[in-house]
Amino acid sequence: FEIIAEGKLSGSATEIDITSIPATFTHLECVFALRAATGAASGNGTIRLNGDSASNYGHCGGYTSSGGSGGFATRTGGLTYFQAGVTLAHAGGPAGIFYVNRVIIPLYASTTTSTKTIMSMQTIGWNNSDNFTEYCAGFWNSSSAVSSVTLGNLGANYDTNSSWWVGGYA
């Protein structure tokens, strides 16, 4: 395992762009510690690979929390981003709390597979009554090697000190 890139925001941002990912590994793992910027009620992020905004993504998954459990809609395709892989901690929550998001893309460097699998898990907790875990599997329809990962947002910017690292497995 080797760290490819890492960083931390010094101010609020609408997206986080991780570029120049080398195709020298077999599997890619990304870990993001994210919080919504001040004033945001909540936040969901998006993932786009190689800047692709065409309808090439799909996902399904579920969650468990201190309030129960459930699933969210299965999207078998037609999405312009992978949404279920990124969650931002609520800006109204305790200071210093960040959602930890883990995204794995097996065979990310392959140019012979026509679809890349995306697996994700998110978790947060700050006391016995406020905790949440989400899990998801999805795909990106492309035979291109993944060379960039862009985190976008759905209504909430990323807050200062949101951070990330990206690593590769042989």
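Please read these numbers as outputs of a predicted model, since none were measured by experiment.
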Derivation and outcome, side chain to side chain contact (heavy atoms under 4.5 Å, CB included), residues W165 and V31: CA-CA 6 Å; W165 61 257; V31 175; 3.3 Å; yes
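- In this structure, T115 and N141 have side chains that are in contact, with non-hydrogen atoms separated by less than 4.5 Å.
- Taking the side chain as every heavy atom from C-beta outward, S162 and F98 approach each other to under 4.5 Å.
- V100 and I18 fall into different hydrophobic clusters, where Ile, Leu, Val, Met, Phe, Trp and Tyr side chains are chained together by heavy-atom contacts under 4.5 Å.
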Stepwise side chain to side chain contact (heavy atoms under 4.5 Å, CB included) check, I16 with L9: CA-CA 9 Å; I16 296 171; L9 293 178; 4.2 Å; yes
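- Formation of a donor-acceptor pair under 3.5 Å by the Y57 side chain with backbone atoms of L49 is found in this model.
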Side chain to side chain contact (heavy atoms under 4.5 Å, CB included) evaluation trace for L34 with L151: CA-CA 11 Å; L34 305 172; L151 302 182; 4.3 Å; yes
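- Atom OG1 of residue T133 and atom CE of residue M121 lie 6.5 Å apart, to the nearest 0.5 angstrom.
- Remark: N153 CG to S12 OG distance equals 9.0 Å, nearest 0.5 Å.
- Summarising the geometry of C30 relative to V149, their closest heavy-atom pair is SG-CG2, 4.4 Å, with the distance given to 0.1 Å.
- Looking only at distances, a side-chain donor or acceptor of R48 sits under 3.5 Å from a matching main-chain atom of T80.
- The two atoms that bring T46 and Y158 nearest to each other are N-OH, 4.2 Å, heavy atoms only.
- Looking at every heavy atom in both residues, I21 comes nearest to S148 through CD1-CA, 3.9 Å.
- Residues T14 and N157 have side chains that never bring a donor and an acceptor to within less than 3.5 angstrom of each other.
- Both W140 and V166 are members of a single hydrophobic cluster when ILVMFWY side chains are connected at heavy-atom separations under 4.5 Å.
- Hydrophobic clustering (ILVMFWY, side-chain heavy atoms < 4.5 Å, transitive): F25 and I3 are in distinct clusters.
- Side-chain contact between R102 and E29 is present, with at least one heavy-atom pair separated by less than 4.5 Å.
- In this structure, D159 contributes its side chain and R35 its backbone to no donor-acceptor pair below 3.5 Å.
- Taking hydrophobic clusters as Ile, Leu, Val, Met, Phe, Trp and Tyr residues chained together by side-chain heavy-atom distances below 4.5 Å, Y63 shares a cluster with Y99.
- Using modelled atom types and a 3.5 Å distance limit, the side chains of T150 and D17 yield a donor-acceptor pair.
- Across A145 and A23, no two heavy atoms sit closer than the pair CB-CB, 4.4 Å.
- When the side chains of ILVMFWY residues are joined at heavy-atom separations under 4.5 Å, either directly or via intervening members, M119 and F139 end up in two distinct hydrophobic clusters.
- H27 places a side-chain N or O within 3.5 Å of a backbone atom of L107 that can act as its donor or acceptor partner.
- Proximity of L28 to I104: side-chain heavy atoms (C-beta onward) are nowhere separated by under 4.5 Å.
- Looking only at side-chain heavy atoms (C-beta outward), Y108 and I118 stay at 4.5 Å or farther from each other.
- Judged by distance alone, with hydrogens and angles left aside, the side-chain atoms of D52 form a donor-acceptor pair with the main-chain N or O of A54 at under 3.5 Å.
- Between Q122 atom CD and Y135 atom OH the span is 11.5 Å, to the nearest 0.5 Å.
- The backbone N or O of S144 sits less than 3.5 Å from a side-chain atom of K116, completing a donor-acceptor pair.
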